[in-house]
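Working notes, structure below.
Quantities reported herein were computed from a predicted structural model and do not represent experimental measurements.
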Amino acid sequence: QVQLGESGGGSVQAGGSLTLSCKVSGYTYSDYCMAWFRQAPGKEREGVASIFTEDGTTYYSDSVKGRFAIRYRGNPDNMLYLQMNSLKPEDTAMYYCAADRWYGGSCHLQRDFDYWGQGTRVTVNQ
(Lines give C-alpha, C1' and ligand atoms only; values in the text may rest on other atoms or scores of the structure.)
Protein backbone atom coordinates (compact mmCIF):
# COMPACT_ATOMS: atom_id res chain seq x y z
CA GLN A 1 0.00 0.00 0.00
CA VAL A 2 1.50 3.31 -1.12
CA GLN A 3 1.28 6.08 1.47
CA LEU A 4 1.97 9.76 0.93
CA GLY A 5 2.42 12.57 3.43
CA GLU A 6 2.91 16.23 2.52
CA SER A 7 4.57 18.98 4.51
CA GLY A 8 6.01 22.44 3.97
CA GLY A 9 2.92 24.51 3.28
CA GLY A 10 2.41 27.90 4.86
CA SER A 11 1.83 31.56 4.26
CA VAL A 12 4.20 33.66 2.17
CA GLN A 13 4.28 37.08 0.54
CA ALA A 14 3.89 37.39 -3.22
CA GLY A 15 7.25 36.94 -4.90
CA GLY A 16 8.46 34.61 -2.17
CA SER A 17 9.37 30.93 -2.23
CA LEU A 18 8.26 27.72 -0.55
CA THR A 19 9.34 24.11 -0.86
CA LEU A 20 6.76 21.37 -0.39
CA SER A 21 7.83 17.87 0.59
CA CYS A 22 6.06 14.54 0.26
CA LYS A 23 7.25 11.36 1.95
CA VAL A 24 6.44 8.35 -0.22
CA SER A 25 6.38 4.87 1.27
CA GLY A 26 5.14 1.39 0.48
CA TYR A 27 6.08 0.97 -3.19
CA THR A 28 8.64 -1.32 -4.71
CA TYR A 29 8.78 -0.52 -8.42
CA SER A 30 10.98 1.89 -10.34
CA ASP A 31 8.50 3.07 -12.96
CA TYR A 32 6.31 5.41 -10.97
CA CYS A 33 4.59 8.64 -11.89
CA MET A 34 4.60 11.17 -9.08
CA ALA A 35 2.92 14.52 -9.16
CA TRP A 36 1.70 17.62 -7.40
CA PHE A 37 -1.86 18.82 -7.82
CA ARG A 38 -3.59 21.79 -6.25
CA GLN A 39 -7.12 22.88 -5.52
CA ALA A 40 -8.00 26.50 -4.91
CA PRO A 41 -11.20 27.45 -3.05
CA GLY A 42 -14.19 27.05 -5.33
CA LYS A 43 -12.14 25.55 -8.14
CA GLU A 44 -11.45 22.08 -9.46
CA ARG A 45 -8.23 20.28 -8.65
CA GLU A 46 -5.58 20.85 -11.29
CA GLY A 47 -2.24 19.30 -12.12
CA VAL A 48 0.83 21.38 -11.34
CA ALA A 49 3.85 19.19 -12.06
CA SER A 50 4.74 15.55 -12.45
CA ILE A 51 7.81 13.37 -12.77
CA PHE A 52 8.41 9.87 -14.12
CA THR A 53 10.81 8.29 -11.67
CA GLU A 54 12.42 5.86 -14.11
CA ASP A 55 13.95 8.52 -16.37
CA GLY A 56 13.20 11.85 -14.65
CA THR A 57 10.88 13.16 -17.36
CA THR A 58 8.93 16.11 -16.00
CA TYR A 59 5.73 17.92 -16.87
CA TYR A 60 4.61 21.38 -15.76
CA SER A 61 1.36 23.21 -16.25
CA ASP A 62 1.65 26.46 -18.17
CA SER A 63 0.69 28.44 -15.08
CA VAL A 64 3.78 27.34 -13.14
CA LYS A 65 6.32 26.65 -15.87
CA GLY A 66 9.55 28.49 -15.15
CA ARG A 67 8.60 29.16 -11.51
CA PHE A 68 8.13 25.69 -9.98
CA ALA A 69 10.44 22.68 -10.04
CA ILE A 70 9.56 19.08 -9.16
CA ARG A 71 12.23 16.77 -7.86
CA TYR A 72 12.30 13.20 -6.63
CA ARG A 73 14.90 11.68 -4.39
CA GLY A 74 14.73 7.88 -4.40
CA ASN A 75 15.88 5.22 -2.00
CA PRO A 76 16.44 5.43 0.86
CA ASP A 77 14.78 8.84 1.23
CA ASN A 78 11.82 8.41 -1.16
CA MET A 79 10.92 12.09 -1.08
CA LEU A 80 9.06 14.17 -3.64
CA TYR A 81 9.60 17.93 -3.62
CA LEU A 82 8.03 20.96 -5.22
CA GLN A 83 10.18 24.06 -5.20
CA MET A 84 7.94 27.08 -5.73
CA ASN A 85 9.49 30.42 -6.62
CA SER A 86 8.05 33.80 -7.58
CA LEU A 87 4.80 32.88 -5.90
CA LYS A 88 1.63 34.71 -6.88
CA PRO A 89 -1.67 35.12 -5.00
CA GLU A 90 -3.27 32.83 -7.60
CA ASP A 91 -0.98 30.02 -6.40
CA THR A 92 -2.99 29.95 -3.16
CA ALA A 93 -4.45 26.46 -2.85
CA MET A 94 -4.33 23.13 -1.08
CA TYR A 95 -1.47 21.17 -2.62
CA TYR A 96 -1.58 17.38 -2.90
CA CYS A 97 1.07 14.89 -3.87
CA ALA A 98 0.05 11.81 -5.83
CA ALA A 99 1.74 8.62 -7.01
CA ASP A 100 1.04 5.48 -8.99
CA ARG A 101 2.79 3.00 -11.21
CA TRP A 102 3.06 4.00 -14.84
CA TYR A 103 0.92 1.76 -17.03
CA GLY A 104 1.68 3.50 -20.31
CA GLY A 105 0.20 6.69 -21.67
CA SER A 106 0.12 9.89 -19.64
CA CYS A 107 1.79 10.54 -16.33
CA HIS A 108 0.23 13.83 -15.22
CA LEU A 109 -3.57 13.56 -15.28
CA GLN A 110 -5.70 12.93 -12.21
CA ARG A 111 -6.90 9.64 -13.66
CA ASP A 112 -3.28 8.41 -13.70
CA PHE A 113 -3.11 8.38 -9.89
CA ASP A 114 -4.71 6.14 -7.28
CA TYR A 115 -2.63 7.24 -4.30
CA TRP A 116 -2.98 10.70 -2.78
CA GLY A 117 -1.75 12.58 0.24
CA GLN A 118 -3.99 14.60 2.52
CA GLY A 119 -2.70 17.95 1.32
CA THR A 120 -0.80 20.94 2.62
CA ARG A 121 -2.12 24.48 2.39
CA VAL A 122 -0.26 27.29 0.65
CA THR A 123 -1.38 30.90 1.02
CA VAL A 124 0.25 33.67 -0.98
CA ASN A 125 -0.50 37.18 0.25
CA GLN A 126 -0.38 40.38 -1.80
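- Taking both residues in full, the closest heavy atoms of C107 and I51 are given as SG-O, 4.2 Å, listed atom of the first, atom of the second, then distance.
- T53 OG1 to D31 CG: the interatomic distance, rounded to the nearest 0.5 Å, is 6.5 Å.
- The hydrophobic cluster containing Y115 also contains L20, counting ILVMFWY residues as joined when their side-chain heavy atoms lie under 4.5 angstrom apart, directly or transitively.
- Taking each heavy atom of A14 and P89 in turn, the nearest pair found is CB-CD, 4.1 Å.
- By the rule that hydrophobic residues join a cluster once side-chain heavy atoms approach within less than 4.5 Å of another member, V122 and Y96 end up as members of separate clusters.
- Residues G16 and V12 approach most closely at CA-CG2, 3.9 Å, considering heavy atoms.
- Using a 4.0 Å cut-off between charged side-chain N and carboxylate O, K88 and D91 make no salt bridge.
- Note that the CG atom of D100 and the CG atom of D112 stand 8.0 Å from one another [nearest 0.5 Å].
- Using modelled atom types, one side-chain atom of E6 and one backbone atom of Q118 make a donor-acceptor pair closer than 3.5 Å.
- No side-chain donor-acceptor contact under 3.5 Å links S21 to the backbone of G8.
- A donor-acceptor contact shorter than 3.5 Å is absent between the side chain of E44 and the backbone of Q39.
- Few gaps surround CD on E90; more than 12 heavy atoms of other groups in view lie less than 6.0 Å from it.
- A distance-only check finds a donor-acceptor pair linking the side chain of T92 to the backbone of V124 [under 3.5 Å].
- Taking CH2 from W36 and SG from C22, the interatomic distance works out to 5.0 Å, rounded to the nearest 0.5 Å.
- Here the closest heavy-atom approach between residue S17 and residue N85 is recorded as OG-OD1, 3.0 Å.
- Here the straight-line distance linking atom CG of L80 with atom CZ of R73 works out to 11.5 Å at 0.5 Å rounding.
- Y81 and Y32 fall into different hydrophobic clusters, defined by Ile, Leu, Val, Met, Phe, Trp and Tyr side-chain heavy atoms under 4.5 Å apart, directly or through other members.
- Inter-residue side-chain proximity for R38 and E46 is flagged as met; some heavy-atom pair is nearer than 4.5 Å.
- Side-chain atoms of W116 do not come within 3.5 Å of backbone N or O of L4 as any donor-acceptor pair.
- V2 and M34 fall within the same hydrophobic cluster, defined by Ile, Leu, Val, Met, Phe, Trp and Tyr side-chain heavy atoms under 4.5 Å apart, directly or through other members.
- In this structure, K23 contributes its side chain and D77 its backbone to a donor-acceptor pair below 3.5 Å.
- Atoms CZ and CE, on R45 and M94 in that order, are 11.0 Å from each other to the nearest 0.5 Å.
- Y60 and L18 end up in the same hydrophobic cluster when Ile, Leu, Val, Met, Phe, Trp and Tyr side chains are linked at under 4.5 Å.
- Rounded to the nearest 0.5 Å, atoms CG (N78) and OG (S25) are 8.0 Å apart.
- If you run ring-ring contact (aromatic ring centres under 6.0 Å, His included) between F37 and each of Y59, Y95, F113, only F113 comes through.
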